[in-house]
Amino acid sequence: CLLFLGFIPGQLDTTCHAFVGETVVLPCTTTPPVTLSQSMLYWQIGTKRLVHFFKDGQDALENQDQKFQGRTSLFLDQMNHGNLSLKISSVQLQDSAEYSCIYRQIENHETKKSTIKLSVSAPPRIEAPPSPYEQNQIPSGSPMDVPCLAMLPLSFLLLLPQGFWHL
C-alpha cells in the first residue's frame, strides 16, 4: 500500500492490505517543512500499543511493543519533506489493526493525526503442479497406446520405400 494522504483528523484515511511475510508501507504525510529536532511522531494501535516512536530527530524505541521490535522503520531521508510513512517488515496476521500516525510539533503544540487500517491475510495457496510421473500417465485403451513418431526421442526417422534413414 503506497498511497500517500494528508492528515484528516478523526477519520480513516486509507486501508492497506498485505500478505503474511511481506513488507508493507503505511502512508502518512504532512505539509513540509518538518522540523525533526522539534517534533514527535507516534505510530500506535489504540492508545496503549506503541508501534514506532520518533523524537528529537531520532528513533526512541525503548517502549515499543515487542511484537514490532526489529520490524519497523521510517523513511528518515524523506521526513523533512513530509513523508512520515511507516514500513513494517515480515508482516504477521496479528498486525491487522487500525494504526494511528500522530505528528506533534513541540514548539507550538500542533498535533495532526491520520488513521490507516491494515488488513493482513495468509498468502494465496498455489497448487503444486503434478509430478512428471503423473503428467506422463496415459489412460489404458486410449489412442496414445499405439507408438508413433512423435513420441520418439529428439532424433528424426525418415521412412522411405527402400528403408530407414536416421538423421
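These numbers were taken from a predicted model, which means no experiment stands behind them. In what follows, residues are counted from 1 in the order of the sequence shown.
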* Asked: When clusters are formed by joining ILVMFWY residues with side-chain heavy atoms under 4.5 Å apart, either directly or through shared neighbours, do F54 and I45 land in the same one?
  -> yes

* Structure fact -> Residue set satisfying salt bridge (Lys or Arg N to Asp or Glu O under 4.0 Å) with D65, at least two apart, ordered chain then number -> R49

* **Note, R104 side chain near E110 side chain (heavy atom, < 4.5 Å)** => no

* To do: Look at the side-chain heavy atoms of Ile, Leu, Val, Met, Phe, Trp and Tyr, link any pair under 4.5 Å apart, and say whether V34 and L74 land in one connected group.
  => yes

* Roughly how far apart are K112 NZ and T29 OG1, rounded to 0.5 Å? -> 9.5 Å

* Are any non-hydrogen side-chain atoms of F19 and S121 less than 4.5 angstrom apart? -> yes

* So how far is it from L76 CG to L36 CG, rounded to the nearest 0.5 Å? -> 8.5 Å

* **Single-linkage hydrophobic cluster I102~L61, side-chain heavy atoms < 4.5 angstrom** => no

* Asked: Is any side-chain heavy atom of K117 less than 4.5 Å from a side-chain heavy atom of T14?
  -> no

* Please name the pair of heavy atoms, one in T72 and one in H52, separated by the smallest distance, quoted to 0.1 Å. => OG1-ND1, 2.8 Å

* Could you give me the CA-CA distance, side-chain angles and deciding distance for T115 and S100, then say whether side-chain contact (heavy atoms from CB on, under 4.5 Å) is met? => CA-CA 5 Å; T115 304; S100 296; 4.2 Å; yes

* Determine yes or no for a side-chain-to-main-chain donor-acceptor pair under 3.5 angstrom, with Q105 supplying the side chain and E107 the backbone. => no

* V25 to S85 - nearest heavy-atom pair and separation -> CG1-CB, 3.8 Å

* Mind listing the closest non-hydrogen atom pair of L84 and M79 along with its distance? => CD2-CE, 4.0 Å

* To do: Kindly compute the distance separating CD (E22) from OG (S90), expressed to the nearest 0.5 Å.
  => 10.5 Å

* Asked: Closest heavy-atom contact between S37 and D56?
  -> O-OD1, 3.5 Å

* Does the side chain of L86 come within less than 4.5 Å of L41's, by heavy atoms? -> no

* To do: If a pair satisfies ring pair (Phe, Tyr, Trp, His ring centres under 6.0 Å) and one of its residues is in residues 56-102, list it, with sequence neighbours excluded.
  => none

* Asked: Any sub-3.5 Å donor-acceptor pair from R71's side-chain atoms to S89's backbone N or O?
  -> yes

* Is any side-chain heavy atom of W43 less than 4.5 Å from a side-chain heavy atom of I116? -> yes

* Structure fact -> Separation between CG (L93) and OG (S119), nearest 0.5 Å, reads 9.5 Å

* Asked: So do the side chains of C16 and P27 get within less than 4.5 Å of each other, counting heavy atoms only?
  -> yes

* Asked: In terms of hydrophobic clusters joined by side-chain contacts under 4.5 Å, are V20 and L118 together?
  -> yes

* Asked: Any side-chain heavy atom of F53 sitting closer than 4.5 Å to one from N63?
  -> no

* Asked: Under 3.5 Å, side chain of Q64 to main-chain N/O of V51, donor-acceptor pair present?
  -> yes

